[in-house]
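Working notes, structure below.
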Amino acid sequence: METIQLHTKSRPSTVLCGAGALSEAKSFLQGKECFVVTDSNVLRLYADTISQTFPGASVCAVPAGERHKNRCSLFAILDAMLDARLHRSSVVVALGGGVVGDMAGLAAALYMRGTRLVQVPTTLLAQVDSSVGGKTAVDYRGVKNVIGAFYQPERVFCDPLFFRTLPPREIRCGLGEIVKTGVLDPAVGDMIKENKGSLRDLSFLQQLAAACVRFKARVVEEDETERSGLRKCLNLGHTTGHALELMYGRRSHGEYVLIGMWLESHIAEREGVCTPAYAREVRSMIALALPRIPAFPGAAGALRYALLDKKNEGQGTVSMILPKERGAYAELALPADRYAAYLALLEDPCR
Ligand code: NAD
Ligand code: GLY
């Protein structure tokens with residue numbers, strides 16, 4: 001098992017990655033008052049694991065899925081916390097994918113202005129990315145993650161035992177954030193390219209997840225609240241990805257990140273941010289996770305969602321993080337009409 005420390009200013013955070021992490025969670029939480037937040041799918045699969053690992057804990061299950069990442073679920077969690085008479089030293093345990101992690105994290109930040117928080121991520125995406133670094137949020141009025149807070153979990157326990165029940169779609173979803181990290185961090189990029197055939201092998205995915213957490217930990221330590229700009233790099237592919245996710249739903253977050261990176265690699269190439277050869281290299285890495293980019297009829301309509309992206313600073317411009325060269329990225333703000341013309345490439349990506 002690997003231990004990764006985040007020396008973050010607000011509160012240090014420790015991530016444990018590997019087989020046995022859930023047993024470590026059990027030891028860490030023994031004797032503490034725990035409040036487990038999960039979702040309906042995870043509860044169905046892991047009810048026994050939850051009761052054996054956290055005996056006596058209150059359990060609150062929200063309906064599964066991104067469309068329930070909203071204020072109703074958030075307030076349902078807060079209501080249940082109040083009903084359970086939690087106090088500030090109680091521990092909220094977010095046991096689920098990124099949706100549960102983001103909402104339970106926000107509830108922990110809000111309740112009595114902050115209770116203790118532990119993350120037990122159960123999807124590949126959550127183990128690779130969302131459980132680490134303290135971003136918490138819900139979607140609101142068609143804007144992704146617009147209500148949120150930075151709130152570091154004191155511990156994150158990433159146990160690969162949860163991978164065994166993940167459907168292929170959720171593995172592909174996690175690969176989205178893994179490929180994103182591979183574009184930003186040459187060490188992860190090389191691991192992906194040198195092990196193309198093992199990208200669905202659960203023990204290799206566990207190694208990749210730990211490598212992604214090591215990279216994210218370095219970024220978050222340096223720019224915990226995305227003020228200096230470094231943390232923005234983690235948004236690669238997300239401007240377009242989030243806009244499509246809000247407009248079309250259906251696919252997973254990670255798939256939209258892959259599709260967003262595909263389009264944004266074309267933008268980087270055509271805007272002269274990177275060479276055509278490097279853009280092709282990025283697309284070949286994307287293809288390892290998502291061999292065919294689907295068509296999105298009316299894709300230019302996603303502009304209205306991209307205009308609401310948190311990175312935008314000017315009126316009528318869309319800001320995005322683009323691949324520049326190996327291990328480097330650049331931020332670019334495009335006028336809305338120019339960005340909409342690029343979005344139209346998604347109407348027929350095979351062209
Ligand atoms: P998710 O939480 O919706 O989980 C995906 C599906 O898998 C759900 O149906 C869930 O019930 C199910 N599931 C969870 N664990 C399972 C298991 N072990 N076996 C079988 N099924 C299981 O989605 P996700 O992909 O984990 O997370 C996406 C969310 O994370 C998005 O809302 C995104 O905005 C957010 N996110 C946050 C950050 C951050 O830094 N906070 C980073 C990336 C993504
Ligand atoms: N997933 C983006 C971030 O954590 O900043």
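We count ligands from 1, going down the list as the structure has it; atoms in each ligand are counted the same way.
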query: How would you list, by chain and number, the residues with a heavy atom under 4.0 angstrom from ligand 1?
result: Asp39, Asn41, Val42, Leu45, Tyr46, Ala64, Glu66, Lys69, Gly97, Gly98, Val99, Asp102, Thr122, Thr123, Leu125, Asp129, Ser130, Lys135, Lys144, Asn145, Phe162, Thr165, Leu166, Glu170, Cys173, Glu177, Lys216, His253
task: Enumerate the atoms of ligand 2 whose separation from the nearest heavy atom of Lys135 is less than 4.0 angstrom.
output: 2 (C), 3 (C), 4 (O), 5 (O)
- prompt: So Tyr46 and Phe162, would you call those rings parallel, tilted or perpendicular, with 30° and 60° as cut-offs?
  reply: perpendicular
query: Who pairs with Lys310 by salt bridge (charged side-chain N to carboxylate O under 4.0 Å, His left out), at least two apart in sequence or on another chain?
result: none
- prompt: Is there a donor-acceptor pair under 3.5 Å between the side chain of Asp201 and the backbone N or O of Phe204?
  reply: yes
Thr8 backbone acceptor or donor facing Gln152 side chain under 3.5 Å: no
Nearest non-hydrogen protein atom, atom 1 (N) of ligand 2: Asp129 OD1, 3.3 Å
query: Side chains of Gln206 and Gln127: closer than 4.5 Å at any heavy-atom pair?
result: no
task: Could you tell me which non-hydrogen atom of Leu236 sits nearest to which non-hydrogen atom of Met261, and how far apart they are?
output: CD2-SD, 3.6 Å
- request: Kindly indicate whether a cation-pi arrangement holds for Lys144 with Tyr140, taking the cut-offs as under 6.0 Å to the six-membered ring centre and within 45° of the axis.
  value: no
Test applied, side-chain hydrogen bond (donor to acceptor under 3.5 Å, both in side chains); reference residue, His238; option that passes from Lys180, Glu264, Glu245, Glu177: Glu177
task: Give yes or no for whether the N/O distance cutoff of 3.5 Å, strictly under, is met between Arg231 and ligand 2.
output: yes
message: When you measure from the heavy atoms of Glu177 to every atom of ligand 2, does any distance fall below 4.0 Å?
response: no
message: Does ligand 2 come near enough to Lys216 that some N or O of the ligand is less than 3.5 Å from an N or O of the residue?
response: yes
